[in-house]
Amino acid sequence: MDPTTSPVDCRFRSYQLDLLAAYANPELGPMAPSMLVEGPSSSGKTYTLRRYFERLQRNKQILFSEIQCEYCLTRKTILHTILRNLINLLDMNVQQSAEMISKCDGLGTFVEVLKQIEHIYTTMCDGARHLPVVFVLDRVERLLPNENSSELCTALSRAHEQSPALNLFTFVYVVNRSDSLNIQTLALPTIAFTSYSINQIKDILLDRLTESGPSSLPPLQFRSFARQFLDIILDTYTSYFGTDIGLMIPVLAKLWPIFINPVNELGRIQNGTNDVLTTFQRNKSLLQSELALLDDLASADIPSSDLPKKTKYILIAAYLASYDDPKYDLILFSKQREARSNRKVRHSKKKSTKSSDQLSSRMLSPQAFTLERLLAILHAIYDENCDEPLLNDVELLSELATLSTLKSIMKLKLGDTIGGGTKWKCNVNWSVIKKFSDEVGFEIENFLID
Amino acid sequence: MSFDDFMDSQKVVYELKPAARVAVPDGPLVYYQEGVPTESTVPFVRLLNGNEPRENMYRRYELFVSNWAKQYDQIVQILEKNEKNMFVDLQRYLSSDEDSTVFKGQPINLSTALLNLGPNISNHSLLLHNVWQNLVDESPDAIVVRLSSKVCSTVSFTMKILASDISRGLKTDLGRAASVPVSDSDDDMDSEPEDEEGQTRTIEMDSLMEKVFSRDKRLIVMIEDADSFPTSILTPLIKVLWNYNNQYRSKIKLVIGMSTPFEIFHEKLPKLTVRYMRPKYFQIDNTGQAVNEIMENVLLNINDTYDSLILEPRLVLKFLELKSKISISQFVNSMKVIYMSHYYSQPLSVMWTNDFSKIQLNSHLFDVFKRLPSVRRYEQSLDAEQAASLHKLLVSDNEAALGELLRQNLNKLIHWRYKMKTLVDLLNFMQEYFLEKSIWTDNLDLFRLIFKNVSYEEEHSNFENFNFLQLLWKKIRSSSLHDINSFIKTVREDADFWPLFENDDFEELSSASQTKRFVATLNRALLRCLEELNLNNIPFREICCVDLSALDLLTNTFNPQVRATCIDSLLNSKNYLLNTVHSDLSQLDPESSDMKLYRYLEPSVIELYKLSREAGVIANVYDFYQVFKNSLPREELENALRQKCLQPQLPAKIDDLTWDKMTLSWFLKSLAELQTLGFVREVKNKSETLEKLIWKDL
């Protein structure tokens, strides 16, 4: 059977399907024990594989299982999932299957458990072998950072070398770039996917959109309406989307109601009132803003919860301590104003000649400071700007501790906690600090050196 | 026991040990100045140097217990009422299933409820617990999992906790199902492998999820303190949940508790993670409102006068200021401490009751009457003749007349809250009657407007206090005669309002030109009312009023200034060592050896601290020791020590070596103490050198 003529419905991917059929076709003898599938995201890798293998499975030629590695997080979970799916696929009614799976605690024991399962199966079926099994490991490189996925792939690719019993397994690794796995030297068959062109994407999306679209319009008219919509939006935002369908879909879904609702209200498309171009013109300002593109936690304005004044001052002081050089502390926070103003002049002169090309410290990451310095700055700015004196009590310190559990002020893990001299950092950015200082009426710019 | 003495008793006390050879006399070591403890189980003491009738002491305790219980009940009721409505929106959101998709196979985002827990961080864990409790109670078809950053240190650990919580949830659910007599055989089938799984402890997320959703359950995952979670845990967690949510058609809901303001929080989640969520924002914070209601209740509840103490308006204002800082439980604690200290230390608190039969009066109590500050103030405010007669009354032992005076003023106190309510009601009525736009929105708002500028010391300076009513006055001046007259009529007919104006010329107006005078009359009446509300003018107010000094009590109880107290005790050791709380100063013998020694040498850590204050930032240890040694008056000390210690312990003549050894031992011990207190530390990389920790006031 020639797969190109088969009803595998994958538009624009016949080349890759041909390749796939060459490497993984049970009719042509044993399948490749492992395969690499690479290509940029949203180039139809998983979809194509799924369609192809599902058809083979339907034809009772192979058994197929797809594993979303990104959500398994660890190698161990992937291995367990492989084993469990295998047991399910083979329809083995094994007692203690859970126990068997739990015996596998890593790559070292995986093959043994696999062999054991194989052995049980053959004894159950009187020596008969099962169909070839294909495991698609999707996005296998996106495990947690400390999980070494290339090691996993190397080991799985060599599993068939360990026992002839394992030659019926095929592992397919789906990745963005094959070199991230460091297994090119194994000379695995590789199928490269390329990005869709923008027109191909439009076609694909159009199918998806029309399939789900409940509409009062005649199908053809609706199709052309949807096509127009896709054209206009995708062309508008093309520089942002590139060819990533994953980026497009949320934006399109957000905008679709704006266009389709006038049509649904009227029941038909009337030129000049609710066709795509008119709606687009009417909502131009909406589209010019970042509304559709922004993934924000809250769309509307929300009442900002307020912090107590003292807490704001602590955060401001932490920011100042992080972004002001300690050598200017005397100038900035000294109570003797003359000293402050005199030195400021001298300092600014010096600075202007010396460091024209120096980055503003606000652009750099925060500097670490000692707790005592934070408290001293806090006292200096609080006493000057508030009527009441700052009480140096238990509450102040517990407030600091709370802020550090909330990670607004971070304690660095060096230094001796008991002996003092712990280092801290401010973890709140400029815009928030600016807002706070405006709210409490504190002119923070006067206290920043640059 | 006076308030100052109570404060003294809260401080750390150093005692001079009696000399070794002096046998310690039996008897109480602590000297009580005002209150004397009894053998009874009641934790109160007999006040007035123990002269208070025993019955009164019991009565005070009884009153404290019952009144506080009533107050606490009211607070709890208010809180419960507030909580009930708080979660309705959240609950509705979590139980709704909206998944409208435009594209076929479009991924469904994770419904996420962002809880804003308000500015009061100390309250958050309580609130989160309430949210959780509510979710568990109100959604029987859901399994609720709590994740807290304190236990979730790594991703795999987090997943493990998630898995074990889900399986526990399934089990309890099973238990619930089992208690229902009709059980499907399917259920039984299911239950067996589950138990097995519990034993083998390998919990597979996939199969768990399958089980959860095969029972048509929802899963609510609550991330309690999302602020403290590292992003490296949150992101995978949300991704995994999103994946399952897609597999099982949006059966998973996420609840995130935000402890920081939104501006800070939304920077903590990467934008790519936000893409997985469909967030909605909820305001879960009612502390402010609850405190407001409690305060309003305290101020204006006229129903049970005797059960609650009167808080002075200034104190209430302070409390309202504090409310963004303190949690509800802390607020309740503060109130309790106020009640407790009042009943503990005020011998007259027994009078605040409608049942006088249980009170024993004796001459000591009458003495207290005469010495009350409020009575003295009252006496000063009278003119010479009246003051004289009052004075005569006070010195005479005319109990009947004194009782009459007491009764009169108690009545004033009883009616105080009623008057306050009338004033508030009247102003509310006026605003409603004349103005379309309101100057204040609720009673507390109004209360704040009335009292924020009141001067208690110079009462005549209050004449502009009601200036915030300008808008109202203007409106009255321009309104029609008919309107004003019908207003006057209503007021005259109202039994509550009329007494306020009884002394004024408050007749219906005949011409429009009189409106100006009418406004002046109104203002005058309000000012008079304010004056009557001034608690400082009511004698015997100590019986039931709590004034601003309570704030000091609260600060010292809950937020002691550790450092300041520490320095203070080092500088003024007398306050601690020679304290009326534990020793009777009149019996101290200035010639005793202890006292003599104390005069020459305070405890050595104090001497050392005083020296260190004079020293530079960096000091050599040896120099420090030399200064310390030379600062001691050797001869006098030797004599004092010889007197104090047994002869054989101390040689007749102390040679230089022994003296050095002695002082060195004192020095080293005190230095260690100073280091522990955090005044000095050793310089790193430089041996034998000390560095002062000298951030001012820190």
Side-chain angles (χ1 to χ4, degrees), chain A residues 68 70-71 73-74 77 80-81 84 98-99 101-102 144-145 205 207-209 211-213 249-250 252-253 256-257 260 295-298 300 302-308 310-311 372-373 375-376 379 391-396 398-399 402-403 405-408 419-421 428-429 431-432 435, chain B residues 101-107 114 116-122 155-156 159 196-197 200 202 204-207 225 227-228 236 239-240 243-244 259-269 271 274-275 277 279 281 283 285 324-325 555 558-564 678 681 693 695-698:
Chain A
Q68 299 279 347
E70 191 179 1
Y71 309 113
L73 301 177
T74 61
T77 329
H80 282 186
T81 318
R84 198 174 46 250
E99 201 180 311
I101 291 171
S102 72
L144 291 179
L205 284 177
D207 288 346
R208 292 299 180 92
L209 192 57
E211 265 178 68
S212 68
I249 284 192
L252 290 171
W256 176 243
I260 195 69
D295 289 305
D296 224 334
L297 269 180
I302 46 163
S304 153
S305 76
D306 210 10
L307 286 176
K310 201 196 271 178
T311 318
E372 288 83 2
R373 183 163 167 245
L375 290 173
H379 273 276
L391 294 179
N392 188 26
D393 53 11
V394 177
E395 194 188 331
L396 178 71
S398 67
E399 198 132 10
T402 319
L403 282 173
T405 58
L406 295 176
K407 298 212 158 67
S408 295
V428 182
N429 68 12
S431 58
V432 176
K435 184 168 168 272
Chain B
T101 52
V102 175
F103 293 91
K104 187 185 156 209
Q106 177 191 341
L114 297 170
N116 177 10
L117 301 167
N120 197 339
I121 294 167
S122 44
V155 183
S156 48
M159 300 313 277
E196 252 168 54
E197 207 160 320
T200 53
T202 48
E204 294 283 349
M205 204 49 132
D206 278 347
S207 49
D225 40 358
D227 285 280
S228 310
K239 257 196 224 169
V240 168
N243 182 40
Y244 283 120
S259 305
T260 44
F262 186 76
E263 297 92 32
I264 300 184
F265 180 79
H266 84 133
E267 307 248 325
K268 289 186 178 161
L269 280 182
K271 288 270 184 268
V274 174
R275 258 171 58 185
M277 306 195 288
Y281 190 77
Q283 188 80 29
D285 174 33
S324 70
K325 273 204 297 197
T555 322
F558 295 116
N559 298 317
Q561 295 201 52
V562 181
R563 196 73 180 169
R681 72 168 175 218
L693 299 167
W695 295 91
K696 191 187 164 291
D697 282 332
L698 303 180

Please identify each residue that fulfils side-chain contact (heavy atoms from CB on, under 4.5 Å) with A:Thr77, with sequence neighbours left out.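 Here the qualifying residues are A:Cys72, A:Thr74, A:Thr81.
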side-chain contact (heavy atoms from CB on, under 4.5 Å) partners for A:Ser398, two or more places apart: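 side-chain contact (heavy atoms from CB on, under 4.5 Å) check on A:Ser398 returns nothing, list empty.
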Nearest-0.5 Å distance that lies between atom CD in A:Glu70 and atom NZ in B:Lys239: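 Reported value, rounded in 0.5 Å steps: 4.0 Å.
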Could you tell me which portion of [X] (side chain, backbone, both or neither) has an atom closer than 4.5 angstrom to a non-hydrogen atom of chain B?
X	result
A:Leu73	side chain
A:Ile101	side chain
A:Leu406	both

Would you kindly say whether B:Thr260 and B:Asp227 are connected by a side-chain donor-acceptor distance under 3.5 Å?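 Yes, because at least one side-chain N or O of B:Thr260 sits under 3.5 Å from a partner of the opposite role on B:Asp227.
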With only heavy atoms counted, which part of B:Val240 is less than 4.5 Å from chain A, the side chain, the backbone, both or neither?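 Both the backbone and the side chain of B:Val240 come within 4.5 Å of chain A.
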